[in-house]
Structures are given as structure tokens and as C-alpha cells.
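These figures come from a predicted structure and were not determined experimentally. When a ligand or atom number is given, it counts from 1 through the structure's own listing order. No hydrogens, no waters, no symmetry mates; every other heavy atom, side chains included, goes into these values.
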Amino acid sequence: MDDFKLYIGGKFVEGARSIDVINPATGQAFARCPVADEAQLDEAVAAARSAFPAWSALSQDDRAAMLMRIADAMQEQAGEFSRLLTNEQGKPLEQAGMEIMGAAFTLKAFAGMRTQPRILKDDGKARISEIRRPLGVVAAICPWNFPVMMLANKIGPALVTGNTVVLKPAPTTPLTALKFAEVCAGVLPAGVVNVICDDNDLGAALTAHPDVDKIAFTGSTATGRKVMEAAAASIKRVTLELGGNDAAIVLDDADPVATARKVFQGAMANAGQVCIAIKRAYVADAIYDAFCDELARLANAAVVDDGTKQGTQMGPVQNKAQFEKLKRLLDESRDEGTVIAGGAAIEREGYFIQPTVIRDVGDDARIVQEEQFGPVLPVLRYADIEDVLARSNDTRFGLGGSVWGGDVERAASIAERVESGTVWVNQHLALNPKVPFRGAKESGLGTELGEEGLNEYTQAKIINVAL
Ligand code: NAD
């Protein structure tokens, strides 16, 4: 077993104690992870605070150059990162490699971005400009579905704008974050990035910490609510990327087979554990049967296995709690519609769920109303556009969504009426670090990625000069 350590103030240190890290493909521990106590959390925040003046005084170009070196090192070590990611998270090795390369790409994209001053008025009487300054110490809190991608989305903009960071991964996927700390140690001054792990018990203290200036959080809506409450005491800046229940609306002029293939991918990628996975499909009457048949064929043909095995298309779900939650949901949903593929856990060690498709489900079924966060797709039928928009928008979530059809302009005009932060047409899951990403309704607050996402790591300041 590798020896993993917390990274605080430029030093690798033992945790106050340690916990098992489980490989979800076996259900067995394969490593130990150090976890911090509150005193170490305080040390990490203090280290970030004391690194802030010198780091924020560097030019954006100097900071960007270091970010580039971190990204280069991740690319060079992509093999090691990927194996660790597959072991702790479960996703197939090739997809783990894509996550690592995607994270490095994101860091490089942020290294290429700059906050820009704006002149608001310059008329001989006054010169009013707006500049942006870093906020200070950022607490970056990540979930377990894309542990490396999520940290890159936060570390990239935080560092290039001049903030320092305390990063806390999810307790079931901590090791890639600790490996990321090793990369940072070779590049950054002490204290600029600190990585502490917990046993799901330090989030409250970190988000309420008086010396933390901003919280960049990705996780569930339930936890996001707690983060917002904790931030209130000192009016911390918060970015919340939360849960979703994305609907795919498949129009009557869509090719049922070709579209089913893409919708399947949008629903089942990462074993369905994607905030922006398709979690409900609404399919026009005219093509409903053909569409369902193709989905069932794909689900039955999918190779679900240990992510380290060649040919595996889908790994296990990431942790036991999620596995148990999905099993309960499937048990409950069996009578809510017709199960045409899967419908249960796979009888073997580890946390494997059969890719599941359920057709003729009612709107009120829990499997439709809630974010399943697993390889499960309910398919609903509709006859009328107004009806399907009303039904699919009737949710407290609003992260992503997609509309699929042969007439792209018709699909795009329907997309404008979907109540979510991103709506794709004839695709799903397409993200780009230069394009803002945000949730509507209870799916989030603020923006991650893009220029707006970058700006959220800064305080805008007006300089108003009388001439
Ligand atoms: P979670 O909310 O349980 O945990 C997320 C993180 O918050 C973990 O690091 C956890 O330790 C920490 N945490 C726990 N209690 C906390 C507290 N009181 N204060 C602060 N932090 C605390 O989420 P999860 O189960 O790890 O991830 C799955 C969820 O994340 C899903 O709902 C998914 O949709 C969502 N997600 C959203 C996005 C997005 O960009 N919108 C991306 C990925 C995942």
C-alpha cells in the first residue's frame, strides 16, 4: 500500500487518525487514508492565509506558468493517476485517463485566462474603472464522482486569480487529491495549496471557519444548503454546484435508434454518477417503442465489470451507501413501470448495479422525481410539447437538460423553454472550461467555469477618480 499523507503548509504530515479506502469493484480496503482533526484543519487554513500575501502579489502570468507546470506533471503521471482513480472511484481505466487528461486540460485553460479591468467611464471629469482582486483563502470541497475533474475546476480559477486553497476531497475518493498534492509540492510555494481529508466530519468546521473567504462546493443539494447556512455568519462568497435531475426530451422527428444510443451514453456514463447525467427521458409517442427497445438492447449488452479489466464499459457505483440507496430505489420502482433491462444489483463482490431501463413509468414515481445517481433510466411517454415541457420542468432541480430532434431549429427553440442552467440540443454532457456552467433552481448558486466562473474567485472593486 502506498503511504499517503495530508499536505499542510508545504509539508506532508500524518493525519490525526486514518480510515480505509475501499475499492468499489471488490468492496475491500486497498489503502489507508490519513484524516485531519480540527487542529489540523486550522493549521491548513492558517497556512493558506500566510501564503496569501506573497502569492497574490505575483503577476497572473507567473501564477499561470506554475499552473501549467502542474498540468504538465499530471499529464506525465497520467498512468499512475488513472490507476489510483480507478481503484478508489471504480470507473474504467480508459475513462479514468480521460478524467485526468480533462483535468489537466482544464488547468491549462484557466492558465490561459485573465481577469480584465474595465473602464466604466472616462469623460475628462471622472475616470471610473473596475478591477478585480483575489478573495483570500478558498475552501474547495469536492464530491466522489469526478474527484480529479472537480478539483481542477476549482484549483484552476482560484490559483490563477491569486487565491490560496484548502482542498477537501470526499472521504471515499481522497487519494487522487493527495497525489495531486504531491504534484503541487514540486511546483508551488508552501501553503498555496493544502489538502486535508476527513471522515465526512470536517465540512461544517471548514465552511464556518472565520479565516475562509470563499467556499467552492460541489456536492448534493442537501449538503449545499448546509454550506450556505455556514457561510452566512461571515458573508462568505459561495459557489454551489449541486444535484440535478436532467430530462432528455426526444421529439417525434428524432431518429429513435441513433438518439437512443446517445441518450444511453448521457444517462449511463460514469455508471450514471454524473450531476448532469440524463436522469429522465421523455419520448414522443410515435417513436417510443423503437426508442425503448434500443435502450434495452444497449443496457443488456453493456460490459459491467472491474474497471481495471480491459473491455469494461461500466464500473461499479462508487460506495456502499450509494449502492444500498440504489438497491432500495430499484426494489421500490419495480412495480412503477416495466423493467426492460437490469433492475437489480449484480450478484458478485463489489458495488455493481445492472444498467437499468424502466419504461411506462408515471411522473410521480420516486425514480422520476429524485436524482438516482446510478445506471438507471426511467423512460416516460408524451404526446404534446406543452405537456412534456410542463411535466419535465416540474422539478426543484435545474442543472442541465437536452432536446433531441431532426429539425435542429425546432429543437433549439424548445430548449429555450427548459428550466435549467444548460440545455443541450442533440447532445448531452458537453462541457468546456471556457463555457460558464451553473445550476438553476436548487441545482446551484453562482457560476463555475468560463470568465464568469473565474470572476467568482475575485472581489470586483470600483476605482473612481475625480479628474
Ligand atoms: P455530498 O454533498 O454528500 O458531499 C460532497 C462533499 O461535501 C464531500 O467532500 C463531503 O465530505 C462534504 N461535506 C459533507 N458534509 C458537509 C458539510 N456539512 N459542509 C461542507 N461539506 C460537507 O455529495 P456526494 O454524495 O459526494 O456527491 C454526489 C452529489 O454531488 C450529487 O447530488 C451530484 O449531483 C452532485 N454533483 C454536482 C455537480 C455539479 O457540478 N453540479 C458535480 C458533481 C456532483
Once you restrict to heavy atoms under 4.0 Å, what part of [X] touches ligand 1? Side chain, backbone, both or neither.
| X | value |
| --- | --- |
| Pro169 | backbone |
| Thr221 | neither |
| Leu206 | neither |
| Phe146 | neither |
| Thr218 | both |

Which atom names give the shortest non-hydrogen contact between [X] and [Y], and what distance separates them?
| X | Y | answer |
| --- | --- | --- |
| Ile249 | Ser392 | CD1-OG, 3.6 Å |
| Arg359 | Arg381 | NH2-NH2, 3.3 Å |
| Lys441 | Thr395 | NZ-O, 2.9 Å |

Heavy-atom nearest option to [atom], drawn from [options]:
| atom | options | result |
| --- | --- | --- |
| atom 6 (C) of ligand 1 | Gly219, Cys142, Ala170 | Cys142 |
| atom 1 (P) of ligand 1 | Ser220, Ala205, Gly203 | Ser220 |
| atom 31 (C) of ligand 1 | Glu371, Glu241, Arg225, Met150 | Glu371 |

Does [Y] offer a backbone N or O that forms a donor-acceptor pair with the side chain of [X] under 3.5 Å?
| X | Y | answer |
| --- | --- | --- |
| His428 | Ile276 | yes |
| Thr356 | Gln354 | yes |
| Arg366 | Ser333 | no |
| Asp20 | Ile22 | no |
| Gln40 | Gly15 | no |
| Glu38 | Leu202 | no |
| Tyr382 | Val250 | yes |
| Gln95 | Gln313 | yes |
| Asn163 | Gly136 | yes |
| Asn194 | Val165 | yes |

Distance to 0.1 Å, residue and atom name: give those for the protein heavy atom nearest to [atom].
| atom | answer |
| --- | --- |
| atom 44 (C) of ligand 1 | Asn145 ND2, 3.3 Å |
| atom 41 (N) of ligand 1 | Leu242 O, 2.7 Å |
| atom 22 (C) of ligand 1 | Thr223 CG2, 3.4 Å |
| atom 7 (O) of ligand 1 | Phe217 CE1, 3.2 Å |
| atom 24 (P) of ligand 1 | Trp144 NE1, 3.3 Å |
| atom 12 (C) of ligand 1 | Ile141 CG2, 3.7 Å |
| atom 14 (C) of ligand 1 | Asn200 OD1, 3.3 Å |

Contact atoms of ligand 1, heavy-atom distance to [X] under 4.0 Å:
| X | value |
| --- | --- |
| Pro171 | 11 (O) |
| Leu399 | 41 (N) |
| Thr207 | 20 (C) |
| Ala204 | 17 (C), 18 (N), 19 (N) |
| Val227 | 19 (N), 20 (C) |
| Cys275 | 34 (O), 36 (N), 37 (C), 38 (C), 39 (C), 40 (O), 41 (N), 42 (C), 43 (C), 44 (C) |
| Pro143 | 26 (O), 27 (O), 43 (C), 44 (C) |
| Phe437 | 40 (O) |

**Report entry** Candidates Glu241, Arg438, Glu452 - the one meeting side-chain hydrogen bond (donor to acceptor under 3.5 Å, both in side chains) with Thr447
**Finding:**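 Among the candidates, only Arg438 passes.
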
**Report entry** Row check, Phe217 ring normal vs Lys226 NZ/CZ: under 6.0 Å, within 45°
**Finding:**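 Judged by the rule, Lys226 and Phe217 form no cation-pi pair.
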
Query raised in the report: Is there a protein heavy atom less than 4.0 Å away from atom 27 (O) of ligand 1?
Result: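 At least one protein heavy atom is under 4.0 Å away.
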
Query raised in the report: So is there a nitrogen or oxygen of Ser443 less than 3.5 Å from a nitrogen or oxygen in ligand 1?
Result: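 No, there is no polar N/O contact under 3.5 Å.
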
